[in-house]
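See structure below.
Given the structure is predicted, the values throughout are model-derived calculations rather than measurements. Order of the sequence lines sets the chain letters (A, B, ...), proteins ahead of strands, with each chain counted from 1.
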Amino acid sequence: MNLIELELKDSIKKALKSTYDLDVEDNFVVIEMPKDPSFGDYSTNVAMRLAKELHQNPRVIAEALTKILLENNADVESCDVAGAGFINFRIKKSKIASIINTVLEQKDDYGKNDSGHNLAILVEYVSANPTGDLHLGHARGAAWGDCITRLLNASGYNCLREFYVNDAGVQITKLGESLLARYLQLFGIDATLPEDGYHGQDVADIAKIVKDEHGDEWVDAKGDEAGRLAWFRKEGIRLELEKMKRDLDYFGVHFDSWISEQGLYDSGEVEKGLQKVIDMGLTYEEDGALWFKTTDYGDDKDRVLKKHDGTYTYLTPDIANHIDKFNRGYTKLVNLWGADHHGYVPRMKAALEALGYGKDGLEVDIIQMVRLVEDGKELKMSKRSGNAITIRELCDEVGVDASRYFFVSRAVDTHLDFDIGLAKKRSSDNPVYYAQYAHARMCSIIRQAPALKPVAAYDLLTDEKELALLKHINEFAGMIGDAAATRMPNKVCNYIQKLAQYFHSFYNSCHVLDDKNPELSNQRLALLFASKITLKNALNLIGISAPETM
RNA sequence: GUCCACGUAGCUCAGCUGGAUAGAGCAUGCGCCUUCUAAGCGCACGGUCAGGGGUUCGACUCCCUUCGUGGACGCCA
């Protein structure tokens with residue numbers, strides 16, 4: 001919601017008070033931009049919403065309101081009733097254009113807003129097991145999580161980016177065993193990998209690193225098989241994590257915090273968490289296992305916390321993980337999980353609710369599957385390695401900017417067909433280049449332009465293309481706040497496409513540089529600067545570069 | 001079988017807490033470069049919003065149901 005909309009809303013509330021002695025909630029008054037600009041710049045449906053309560057025809061209510069609204073808001077040029085009872089506003093052009101100076105003043109900060117009210121929010125994403133390369137699903141989650149946290153930070157939330165490392169449990173043991181076997185094979189020893197171990201090339205590659213760094217130091221277990229395996233587990237985690245961080249870094253995704261599952265065991269947090277569940281009387285024993293009564297809180301089955309062999313299920317340390325997040329002062333937790341963890345959501349939410357953290361303390365967004373498509377056919381495996389396609393291969397193939405854009409431009413709750421051919425195209429078909437080209441074009445004009453002179457009132461910007469661009473720039477901060485609150489970075493992509501479109505359209509009908517018309521030229525140049533700043537800030541929100549030339 | 005998502009133009013998708021004639025891009029067809037980047041702009045064509053009920057001033061949006069697609073239903077993680 002921008003300044004103009006806020007002022008409109010305020011005037012409407014005052015008009016309702018003075019005309020009908022009505023006090024309405026802030027979000028009762030909805031201001032929107034009509035799809036058809038001939039209806040006006042903004043509109044509201046309050047009259048229709050009040051028809052029942054006031055027992056009056058909505059058009060009659062609307063008529064009564066328009067008179068007062070026109071008198072009380074100096075920025076409103078006209079205000080009339082249309083359709084079933086819409087009130088349409090036309091705002092003075094000078095008011096709409098005044099956004100230019102705001103943008104020029106705030107520069108990189110334009111668009112930032114405090115709609116988050118400094119709410120402490122912890123976003124956990126990617127959280128892949130350190131047992132192999134990051135693949136496409138992780139890439140989607142990584143790009144999405146990164147953009148969400150950028151949006152949250154720009155909207156005044158106090159946001160932490162966290163990666164939960166599953167470095168305990170049987171999968172890690174399998175990694176250790178697989179790595180050890182691969183290592184021994186490098187010395188011609190006929191070691192076999194566990195059947196359900198990690199047979200991929202990536203573990204073999206890591207084994208080579210171990211050999212390079214440690215030579216034959218570990219070929220002989222020296223009578224301590226368990227000690228050697230423990231070392232390979234640790235070394236496997238270290239090398240896998242290193243590789244993961246390198247790939248994420250290359251992808252432009254960075255975390256503030258890495259939480260180790262093993263660390264939660266070591267510090268006693270897992271025990272403490274479990275004890276808390278037991279102390280609250282939420283467990284029972286059956287078949288030699290300890291169960292959590294999650295069905296009392298909306299889960300469809302009770303869940304095992306401690307298996308009959310005494311070890312814990314995945315849920316137990318994860319409960320401790322989430323308790324720990326709340327203990328660190330975060331009141332809102334957001335997790336991005338892969339579609340395969342879909343069924344895990346109710347039990348985690350039930351567990352936290354049972355422990356008294358409320359129903360809405362945790363929100364989980366599910367990242368749906370990604371299919372790579374080329375020439376209409378699905379690419380299942382990497383042509384090079386024969387394995388699942390990794391995040392690095394994808395970036396090498398189509399570039400980081402295009403990859404990030406394609407992942408973020410579509411809602412996460414639907415399956416994504418990633419068209420690799422389109423992403424690689426360096427033409428207008430490709431939305432990434434369309435937007436970047438707009439920025440390069442802006443920069444090109446600015447390079448040739450005289451210095452911008454300050455403008456007090458933009459009275460010459462009256463072309464419909466100029467106004468469309470201006471109105472869209474006005475929407476920027478409100479869009480960011482909305483995208484942050486709904487955690488939908490794809491809205492930023494929609495915004496970018498529209499902004500680029502309005503600019504290209506403006507470019508074709510309004511010539512900026514004109515010696516014969518210095519005043520108009522200067523005002524258009526100011527609009528151009530404002531557009532460039534807005535576009536660059538928007539691209540930055542999704543982590544995409546804004547090239548000055550193309 | 002049970003639970004959870006999703007189903008919008010030939011293709012890929014938007015559609016803002018229910019609002020005006022359902023929108024883009026691609027594809028197809030036609031125009032526009034002696035002036036700031038044609039990686040661009042403009043125009044046209046294209047729809048049973050999966051089907052059927054319901055709620056109300058009004059439904060792509062909310063509820064029920066049928067069909068279709070995907071996922072989850074471990075003392076795996």
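Atom pair A/Asp482:CG and B/A14:C1' shows a separation of 14 Å (rounding to whole Å applied). In this structure, CG of A/Asp365 is placed 13 Å from C1' of B/A5, rounded to the nearest angstrom. What separates CG of A/Leu372 from P of B/U12 is a distance of 15 Å, to the nearest Å. A straight line from CG of A/Leu469 to P of B/C41 spans 13 Å, rounded to a whole angstrom. We find that CZ of A/Arg59 is positioned 15 Å from C1' of B/G19, with the value rounded to whole Å. At whole-Å resolution of the value, NZ in A/Lys491 and C1' in B/A24 are 17 Å apart. Put simply, NE2 on A/His341 is 11 Å from C1' on B/A72, counting in whole angstrom units. Rounded to whole Å, the distance from CZ on A/Phe506 to P on B/U37 is 13 Å.
Considering only side-chain N and O atoms, A/Arg441 lies under 4.0 angstrom from the phosphate OP1 or OP2 of B/A38. Within the structure, a side-chain polar atom (N or O) of A/Gln448 is placed less than 4.0 Å from OP1 or OP2 of B/U37. The phosphate of B/G25 has neither OP1 nor OP2 within less than 4.0 Å of any side-chain N or O from A/Lys498.
Minimum atom distance to the side chain of A/Ala84 is reached by B/G19, of the listed B/U37, B/G42, B/G19. The A/Arg347 side chain lies nearest to B/A77 when the options are B/A20, B/A14, B/A77. Among the nucleotides B/A20, B/C41, B/G74, the one closest to any side-chain atom of A/Ser43 is B/A20. Nearest to the side chain of A/Ser444, among B/A20, B/U37, B/C75, sits B/U37. Comparing B/C41, B/A20, B/A77 against the side chain of A/Tyr314 picks out B/A77 as the nearest. Distance from the side chain of A/Gln368 is smallest to B/A5 among B/A77, B/G19, B/A5. Of the listed nucleotides (B/C75, B/A20, B/A39), B/A39 has the atom at the smallest distance from the side chain of A/Tyr437. The A/Glu32 side chain lies nearest to B/G19 when the options are B/A39, B/G15, B/G19. When distances are taken from the side chain of A/Phe39 to each of B/C36, B/A20, B/C41, the shortest belongs to B/A20. You'll find that the side chain of A/Arg410 is closest to B/C13, out of B/C36, B/C13, B/A77.
Using cut-offs of 30° and 60° on the angle between ring planes, the pair A/Tyr495 and A/Phe476 is tilted. A/Phe406 and A/Phe418 have tilted rings, their planes meeting at an angle from 30° to 60° on a 0 to 90° scale.
Remark: the A/Asn45 side chain and the B/G19 base include a donor-acceptor N/O pair separated by less than 3.5 Å. The base of B/A20 lies close enough to the side chain of A/Asn88 for a donor and an acceptor atom to sit less than 3.5 Å apart.
A salt bridge links A/Lys243 with A/Glu240; the closest basic N to acidic carboxylate O contact falls under 4.0 Å. We find that A/Lys306 and A/Asp309 are not joined by a salt bridge, their nearest charged nitrogen and carboxylate oxygen being 4.0 Å or further apart.
In this structure, A/Ala411 reaches the sugar-phosphate backbone alone: every heavy-atom distance under 4.0 Å involves primed, P, OP1 or OP2 atoms, never a base. Among the protein residues, A/Ala289 comes within range of the nucleic acid bases, having at least one heavy atom under 4.0 Å from a base atom. Counting non-hydrogen atoms under 4.0 angstrom, A/Lys301 reaches the backbone sugars and phosphates but no base. No engagement by A/Asp419 is indicated, since no non-hydrogen atom pair under 4.0 Å with the nucleic acid exists. Base contact: A/Val30 has a heavy atom under 4.0 Å from a base atom. A/Asp309 comes within 4.0 angstrom of no nucleic acid atom, judged by non-hydrogen atoms across all strands. At the heavy-atom level, A/Cys493 lies nowhere under 4.0 Å from the strands shown. Nucleic acid contact class of A/Glu286 (heavy atoms, under 4.0 Å, all strands): base. Here A/Ser505 lies in heavy-atom contact (under 4.0 Å) with sugar-phosphate atoms only. Note on A/Ser409: nothing from the nucleic acid sits closer than 4.0 angstrom, heavy atoms only.
Counted within 6.0 Å of CD on A/Glu195, heavy atoms from surrounding residues, nucleotides or ligands total 12 or fewer; the atom is thus considered open.
B/A59 and B/U55 have their C1' atoms separated by 10 Å, given to the nearest Å. Here the separation of B/U61 from B/U56, taken at their P atoms, is 16 Å to the nearest Å. Nucleotides B/C49 and B/A20 are separated by 15 Å at their P atoms, to the nearest Å.
Here CZ of A/Arg524 is found 12.5 Å from NZ of A/Lys465. Values are rounded to the nearest 0.5 Å.
B/C43: Watson-Crick or G-U partner is B/G29, with both key distances under 3.5 Å. B/U56 makes up no base pair with any nucleotide shown, lacking Watson-Crick or G-U wobble contacts both under 3.5 Å. Across all strands shown, B/G7 pairs with B/C67; the Watson-Crick or G-U wobble distances both stay below 3.5 Å. Base pairing of B/C36 is not made with any nucleotide, judged by Watson-Crick or G-U wobble geometry with both donor-acceptor distances under 3.5 Å. B/A72: Watson-Crick or G-U partner is B/U2, with both key distances under 3.5 Å. Across the strands present, B/C13 finds its partner in B/G23; the criterion is a Watson-Crick or G-U wobble pair with both atom distances under 3.5 angstrom.
Across all non-hydrogen atoms, the minimal contact from A/Ser531 to A/Met442 is CB-CE, 3.8 Å.
Stacking here means ring centres nearer than 5.5 Å and ring planes tilted less than 30 degrees, and by that measure A/Tyr434 does not stack onto B/A39. For B/C41, the base is not stacked against the aromatic ring of A/His504, per a cut-off of 5.5 Å between centres and 30° between planes.
At distances below 3.5 Å, at least one donor-acceptor pair connects side-chain atoms of A/Arg49 with backbone N or O atoms of A/Phe28.
Annotated as anti: B/C4, whose glycosidic dihedral deviates from 0 by more than 90°.
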(message) Would A/Ser509 and A/Glu464 count as a side chain to side chain contact (heavy atoms under 4.5 Å, CB included) here? Give the steps.
(response) CA-CA 10 Å; A/Ser509 64; A/Glu464 60 171 307; over 6 Å; no

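Nearest-nucleotide positions on RNA chain B for A/Met33 and A/Gln501 put A/Met33 closer to the 5' end. If A/Leu513 and A/Leu416 are placed on RNA chain B by their nearest nucleotide, the residue sitting closer to the 5' end is A/Leu416.
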